[in-house]
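As a basis for the values below, the full set of heavy atoms in this structure was taken, side chains included, without hydrogen atoms, waters or symmetry mates. Order of appearance sets the numbers: ligands from 1, and atoms from 1 within every ligand.
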Amino acid sequence: MSTISAIATPNAIGGISVIRISGESAISVANSIFKGVKKPVNMEGYTCAYGKIYDDNNQLIDDVVLSVFKSPKSYTGEDVVEISCHGGKFVTKQILRLILSKGVRLAEAGEFTKRAFLNGKMDLNQAENVINIISADGKSQLKYANSLREGANFKKVKEISKQITSILGDLSAWADYPEDDVPMVNPMEVLSQTKKILSTLENISFSYDDGRIIREGINTVIVGKPNVGKSTLMNCLSGFERSIVTDIAGTTRDVIEETVKIGDLTLRLSDTAGIRDTSDIVEKMGVDIAKKRLDEADLIIAMFDGSTPLDSNDFDLIQSVKDKNTIAVVNKTDIAIDGIFDTIQQRFKYAIEVSAKNLIGLDFLTNTLNEMFLLENIDIDSGLLANERQKNCIDNSIDALKNCIHGLEMGLNLDAITIDFDEALSYLLELTGESVSETVVNEIFSRFCVGK
Ligand code: GDP
């Protein structure tokens with residue numbers, strides 16, 4: 001494989017920048033441009049040396065610290081040199097250009113990590129999680145990404161693959177060598193084993209949603225009839241005027257999205273047109289979108305106006321959200337009338353009183369959110385899935401296993417069932433990258449940034 005190089009740090013001015021070189025000629029190229037206390041060719045792996053980088057005209061480019069990692073004990077599994085120079089963009093590019101002039105190719109996005117995968121330094125699952133680590137935004141996201149990279153999930157899938165392989169082994173030994181003394185396969189035993197495997201995989205698949213809440217934030221919809229104060233609440237949560245706040249019912253027509261950080265939680269908020277019967281076509285479109293959003297939401301903030309008696313729109317709303325993950329927010333406590341909060345409280349597990357306009361009671365909202373989505377309750381170490389590709393592999397494997405179970409229950413020929421077991425296994429192997437097409441590999445690594 002050719003030797004590759006790229007700037008591994010962000011393209012910005014900073015204290016230091018790192019240029020990474022990986023491949024067969026990494027050390028000899030470094031040797032040709034570096035003059036320091038040691039020669040790179042004489043350095044041990046995992047050591048560094050201070051020195052200077054000179055261009056072909058013997059002009060000094062920068063003082064640097066050069067680190068050498070020798071194959072196979074490096075990130076990529078190849079010989080790797082990392083040059084830490086001063087963090088100016090110009091200097092860094094000068095050094096990179098010099099390296100590229102020595103027959104080294106510029107690395108593509110994700111190519112270092114791809115090589116790590118191809119050289120067996122990490123499995124596909126772990127490599128993908130490097131993407132999550134790079135883009136982690138917050139403590140829980142980083143913990144999550146690291147746990148994925150440590151391979152909790154990978155180990156579980158590996159274990160299940162082994163179990164399916166062993167079932168397949170029994171089935172084919174029995175089918176292929178009937179005349180030998182191979183013990184007969186007991187379909188009932190296979191059935192009970194398969195059901196256990198299925199339930200483990202289903203749990204992994206369900207855990208994807210917990211992971212999604214950390215990765216992408218909680219998909220939250222604020223809903224309520226016009227004028228209850230949805231836009232006002234959204235504005236105060238997001239800290240600036242965003243929706244149009246007026247006294248005329250029905251002003252918020254479009255779905256407005258905003259990402260808000262509340263403690264360690266990220267809310268992806270959308271403020272919708274109120275749900276009510278309307279003859280206005282534009283407003284009706286908004287109402288239809290709002291209904292769809294409610295179905296897809298992780299969290300619904302259902303708002304009620306504490307200053308006017310509840311009407312049929314409010315009761316319709318209660319009806320449509322009561323079985324969903326909802327916080328009922330009774331707004332306008334500053335001018336509240338008696339009885340409204342009590343009525344709402346009786347109907348919802350989580351109900352709070354606020355005055356969005358006067359920023360009163362928002363701490364109740366934060367506390368309730370923390371109670372509902374306590375990140376500590378999410379078992380990050382149980383092996384969550386990192387992305388849609390991994391989830392699809394698990395779900396496809398689940399489907400194939402369901403076919404196995406159906407076949408076993410129907411008393412189908414074991415040969416036919418073997419095909420479904422084979423399929424279930426192949427999806428799991430695809431997840432861990434043990435059998436994965438080149439196209440999938442290329443697609444995965446193209447999502448990385450250059451230098452990683
Ligand atoms: P939306 O139609 O549900 O988005 O409602 P808005 O946020 O546009 O608010 C409607 C009206 O209620 C505006 O005049 C707000 O200033 C007012 N409002 C919102 N929250 C409060 C509150 O806590 N107390 C009072 N008194 N008025 C509020």
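If you look at N227 next to ligand 1, the close heavy atoms, those under 4.0 Å, come from the backbone and the side chain alike. Using a 4.0 Å cut-off between heavy atoms, N331 contacts ligand 1 through its side chain alone, with no backbone atom that close.
Between I167 atom CD1 and D422 atom CG the span is 12.0 Å, to the nearest 0.5 Å. Here the CG atom belonging to L198 is positioned 9.5 Å from the CG atom belonging to N203, to the nearest 0.5 angstrom. Considering CD1 of I360 and OG1 of T333, their distance stands at 5.0 Å, rounded to 0.5 Å.
K349 pairs by the salt bridge (Lys or Arg N to Asp or Glu O under 4.0 Å) definition with nothing, not counting sequence neighbours.
With ligand atoms numbered from 1 in the order given, ligand 1 contributes 22 (C), 23 (O), 24 (N), 25 (C), 26 (N) to contacts under 4.0 Å with heavy atoms of D334. Taking every heavy atom of K230 and a limit of under 4.0 angstrom, the matching atoms of ligand 1 come to 1 (P), 2 (O), 3 (O), 4 (O), 5 (O), 7 (O). Interface of S355 with ligand 1, defined as ligand atoms under 4.0 Å from a residue heavy atom, comprises 22 (C), 23 (O), 24 (N).
Any N or O atom pair closer than 3.5 Å counts here, and P226 shares no such pair with ligand 1. Polar contact check, I335 against ligand 1: no nitrogen or oxygen pair lies under 3.5 Å apart. For ligand 1, the polar-atom distance check against T333 finds no nitrogen or oxygen pair separated by under 3.5 Å. Considering backbone and side-chain atoms together, A356 places an N or O closer than 3.5 Å to an N or O of ligand 1.
The environment of D338 atom CG is sparse: at most 12 non-hydrogen atoms of other residues, nucleotides or ligands sit within 6.0 angstrom.
Side-chain atoms of N358 and D334 include a donor-acceptor pair closer than 3.5 Å.
Judged by the 6.0 Å distance and 45° axis criteria, R20 is not positioned over the aromatic ring of F69.
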